[in-house]
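The structure appears below as structure tokens.
Computation of the quantities below employed the complete heavy-atom set of this structure, encompassing side-chain atoms and omitting hydrogens, waters and symmetry-equivalent molecules. Here the structure is a predicted model, which means the values were calculated and not measured.
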Amino acid sequence: MKYKDGKPGYNPDKNARVLPMTILLFVLCGFSFYLGGIFCSEKEVVNVKTSMDVGDSVASPRDTAVSPLQLKPVTFQACSSDYQDYTPCTDPRKWKKYGLHRLTFMERHCPPVFERKECLIPPPDGYKPPVRWPKSKDECWYRNVPYDWINKQKSNQNWLRKEGEKFHFPGGGTMFPHGVSAYVDLMTDLIPEMKDGTVRTAIDTGCGVASWGGDLLDRGILTVSLAPRDNHEAQVQFALERGIPAILGIISTQRLPFPSSSFDMAHCSRCLIPWTEFGGIYLLEINRILRPGGFWVLSGPPVNYENRWRGWNTTVEEQRSDYEKLQELLTSMCFTLYNKKDDIAVWQKSSDPNCFSKIAADAFPPKCDDSLEPDSAWYSPLRTCVVAPNPKLKRTSLMAVPKWPDRLHTSPERVSDVYGGSSGTFKHDDSKWKVRAKHYKKLLPAIGTDKIRNVMDMNTVYGGFAAAIIDDPLWVMNVVSSYAANTLPVVYDRGLIGTYHDWCEAFSTYPRTYDLLHLDGLFAAESHRCEMKYVLLEMDRILRPNGYAIIRESSYYVDAVASIAKQMRWGCRKEETEYSTEKEKMLICQKKLWYSSSGKSR
């Protein structure tokens, strides 16, 4: 209805209805907001309590002053003696659940949350503090690794021999029964780069008791000795008991937990890996982790088949065919025969990008396409394709990287691949850790003595802690979270060693294998995913009795960590950081030696 002025008329009935409806709407919104606040607040309290119960973080930035995390009291009993060598993710008790094809049952298969052990792994009866380095390289206590089978089966090859209460390691192996030193001497004659600091990092696949890696330590070469968990031999446990770097692992269906272009050298001494089978997939994985210009060394079948075939239960024709297949596969992957003598053959990976660019997509094996991230190596499946080095990287090949020890403090080219990484941030990190390490040694004088040999930096960035203590008689396993920035290539470019890992799971090692564990803000970074209790129980599993832990953490977590550590029979004291800030504190802890038979600690 329009009036004379053309404007809408005033309707008193309509406006009378609008006003009460508007008021009612505001009342209902306010009431809903009030109820929502009550229920949401109650829900938030429940979530906070639940989060605290399981050790998760509730908004705990390290730079924010908040009340310390409070946890429910926990207690831990000792596991039964059947679990003295328990490796949760490579447990022989579970092998029957998994396939035999390509030995997949020996890969990592971690238990679900409801099957996790909440008890303390006991040492064997008669366990003693390990023999100290460097004497440990030649002997260890039998009761610490009480495995008779390997002694009986391998004594003729001089792997080890039992004498009284100790195992002794003469330095023999399947391909070097007369001693590893003479074997490595021949190898250095074939590869002069092993003598001048060019070769610094190596991997030994199928390592035995790690005599090869142990000998290389004296020559300035740091080796990751790799072998699967087994029922009888306990190769990795022997290696770590000796103070030699080692990790449980097998080349089967998944990539090894290392970035591409990591190692300067790879070695196989009659490791019985079928290199040319399954499309050459195992050798393709060696290609991925080997640095351009790096060396692959093979001793044993089919090398020197002309003279050795009679002892291999085969024919000379079969061995000749195997060798020709191997040579053909290596050539197709841009490897060339570098040197050869007696039982040792050495191939070198090309550092020429043009060679890899010529590998066609329909070749065999083909070049991997760009969708396959070369550094993706945590539960990543193997692929039958050649991972080509990044042609944009000019200073990652073996001959382009500075020689050891200069490379330790030289900013690697791949630091720029890290988000926020640069030469400047690398130098700052390097300097920071020199200050921190000096402070750590004041708080824990055992660092730098023969009390500490095997060290793990549980969440390193660039390997700064390892670099800062490089002159001490120890070695460091640098761990980079599979969920963190990919800084592990930088660690390897520095001439250090390490692995990817997810601390929501058990580490690939035996119990009682490390003397010192170091973490820097691990719980602040990972507590939203990983339950604190289980991370600390895993630390207890892999730490040796009388071993130490340096826990550098947000003040929010320190007291909670200390309360759980006390229940694990650790003795901890709270200390200030080098700058005495309130936001960050340190715990210096020591694990006590106890025996399940008596339940007593000492």
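Looking only at distances, a side-chain donor or acceptor of D264 sits under 3.5 Å from a matching main-chain atom of R200. For R453 (side chain) and G243 (main-chain N/O), a donor-acceptor pair under 3.5 Å exists by modelled atom type. With hydrogens and angles disregarded, a donor-acceptor distance shorter than 3.5 Å links the side chain of S555 to the backbone of E582. Between the K72 side chain and the V74 main chain, no donor and acceptor come within less than 3.5 Å of each other. For the pair E575 (side chain) and M586 (backbone), a donor-acceptor distance under 3.5 Å is absent. Side chain of S580 to backbone of E576: no donor-acceptor contact under 3.5 angstrom is found. Of the possible donor and acceptor atoms, one in the side chain of H528 sits under 3.5 Å from a partner among the backbone N and O of A525. Using modelled atom types, no side-chain atom of T460 and backbone atom of D457 make a donor-acceptor pair closer than 3.5 Å. Judged purely by atom type and a 3.5 angstrom limit, T499 uses its side chain to pair as donor or acceptor with the backbone of P257. A donor-acceptor distance shorter than 3.5 angstrom exists from the side chain of E553 to the backbone of L522, with no hydrogens or angles considered.
By the neighbour-count criterion of 12 heavy atoms within 6.0 Å, atom CD of E165 is sparsely surrounded, having that number or fewer from other residues, nucleotides or ligands. Around NZ of K195, the count of heavy atoms belonging to other residues, nucleotides or ligands within 6.0 Å exceeds 12. By the neighbour-count criterion of 12 heavy atoms within 6.0 Å, atom NE2 of H428 is sparsely surrounded, having that number or fewer from other residues, nucleotides or ligands. More than 12 heavy-atom neighbours from other residues, nucleotides or ligands sit within 6.0 angstrom of NZ on K427. Taking a 6.0 Å sphere around NZ of K135, one finds it holds 12 or fewer heavy atoms contributed by other residues, nucleotides or ligands. Shown here is Q77, whose CD atom has no more than 12 heavy atoms of other residues, nucleotides or ligands within 6.0 Å. The number of heavy atoms from other shown groups lying within 6.0 Å of NZ (K451) does not exceed 12.
Checking E584 against S554 by side-chain atom types alone, no donor-acceptor pair falls below 3.5 Å. Side-chain contact annotation: Y379 with R255, donor-acceptor N/O pair under 3.5 Å absent. Side-chain N/O atoms of R242 and S211 include a donor and acceptor closer than 3.5 Å. In the model, E118 has a side-chain atom that pairs as donor or acceptor with a side-chain atom of Y534 under 3.5 Å. S596 and S81 share no donor-acceptor pair across their side chains, judged by distance under 3.5 Å alone. A donor-acceptor contact closer than 3.5 angstrom links the side chains of T87 and R229.
Once rounded to the nearest 0.5 Å, the distance linking NE2 of H109 with CG of D91 reads 11.0 Å. Between the CZ atom of R116 and the SG atom of C110 there is a distance of 8.5 Å, given to the nearest 0.5 Å. Going from atom OH of Y500 over to atom CG of D375 covers 4.5 Å, rounded to the nearest 0.5 Å. To the nearest 0.5 angstrom, Q567 atom CD is 12.0 Å from L536 atom CG. Here the OG atom belonging to S225 is positioned 14.5 Å from the CZ atom belonging to F238, to the nearest 0.5 angstrom. Separation of atoms NZ (K438) and CG (L443) is listed at 13.0 Å; rounding is to 0.5 Å.
Each of Y514, W133, W475 was evaluated against N454; a single residue qualifies, W475, per the side-chain hydrogen bond (donor to acceptor under 3.5 Å, both in side chains) test.
By the salt bridge (charged side-chain N to carboxylate O under 4.0 Å, His left out) test, K403 is found to be paired with D196, residues two or more places apart in sequence or in another chain being considered. Under the rule for a disulfide bond (SG atoms under 2.5 Å apart), the partners of C589 that lie at least two apart in sequence or sit in another chain are C572. Remark: D515 pairs with R544 by the salt bridge (charged side-chain N to carboxylate O under 4.0 Å, His left out) rule, at least two apart or across chains. By the side chain to side chain donor-acceptor pair (under 3.5 Å) test, Y86 is found to be paired with no residue, residues two or more places apart in sequence or in another chain being considered.
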Step by step, work out the salt bridge (charged side-chain N to carboxylate O under 4.0 Å, His left out) result for R569 and D540. CA-CA 9 Å; R569 312 183 196 190; D540 181 79; over 6 Å; no
Does the side chain to side chain contact (heavy atoms under 4.5 Å, CB included) test come out yes or no for V491 and Y462, once each step is laid out? CA-CA 5 Å; V491 172; Y462 296 138; 5.5 Å; no
Go through it in stages, so that I can follow the logic: the residues are R108 and S508, the test is side-chain hydrogen bond (donor to acceptor under 3.5 Å, both in side chains), and I'd like the CA-CA distance, side-chain angles, deciding distance and then a yes or no. CA-CA 8 Å; R108 286 178 60 89; S508 295; 2.8 Å; yes
From CA spacing to verdict: side chain to side chain contact (heavy atoms under 4.5 Å, CB included), M539, W503: CA-CA 10 Å; M539 292 172 64; W503 284 111; 5.6 Å; no
Would R552 and T577 satisfy side chain to side chain contact (heavy atoms under 4.5 Å, CB included), going step by step from the backbone distance to the final call? CA-CA 8 Å; R552 185 187 187 105; T577 65; 3.8 Å; yes
Could you walk me through whether I564 and M532 pass the side chain to side chain contact (heavy atoms under 4.5 Å, CB included) check? CA-CA 9 Å; I564 296 177; M532 180 186 292; 3.9 Å; yes
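Taking the six-membered ring for Trp and the full ring otherwise, the centers of F263 and Y492 sit less than 6.0 Å from each other. Here Y127 and Y595 keep their ring centres 6.0 angstrom or further from each other. You'll find the ring centres of Y440 and H518 inside the 6.0 Å limit.
Smallest separation of non-hydrogen atoms from N478 and G463: OD1-CA, 3.7 Å. Residues M106 and I250 approach most closely at O-CG2, 3.8 Å, considering heavy atoms. Of all the heavy atoms in C79 and I121, the pair that sits closest is SG-CD1, 3.7 Å. Across S482 and D502, no two heavy atoms sit closer than the pair OG-CB, 3.5 Å.
Taking the six-membered ring where the residue is Trp, F167 and Y142 present perpendicular rings, their angle passing 60° and hence far from 30°. Ring pair F465/W433 is tilted by interplanar angle, where 30° to 60° counts as tilted.
Sorted by first then second residue, the disulfide (SG to SG under 2.5 Å) pairs that include residues 471-515, not counting sequence neighbours, are C504-C530.
Cation-pi geometry between R541 and Y83 is not satisfied (NZ or CZ under 6.0 Å from the ring centre, within 45° of the ring normal). For the pair K166 and W141, the distance from NZ or CZ to the six-membered ring centre is under 6.0 Å and the angle to the ring normal is within 45 degrees.
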Could you pull out every donor-acceptor pair under 3.5 Å between side chains of residues 217-224 and any protein atom, sequence neighbours left out?
| residue | atom | partner | partner atom | Å |
| --- | --- | --- | --- | --- |
| D218 | OD1 | K137 | NZ | 3.4 |
| D218 | OD2 | K137 | NZ | 2.4 |
| R219 | NE | D215 | OD2 | 2.7 |
| R219 | NH1 | D185 | OD1 | 3.0 |
| R219 | NH2 | S181 | O | 3.4 |
| R219 | NH2 | D185 | OD1 | 2.9 |
| R219 | NH2 | D215 | OD2 | 3.1 |

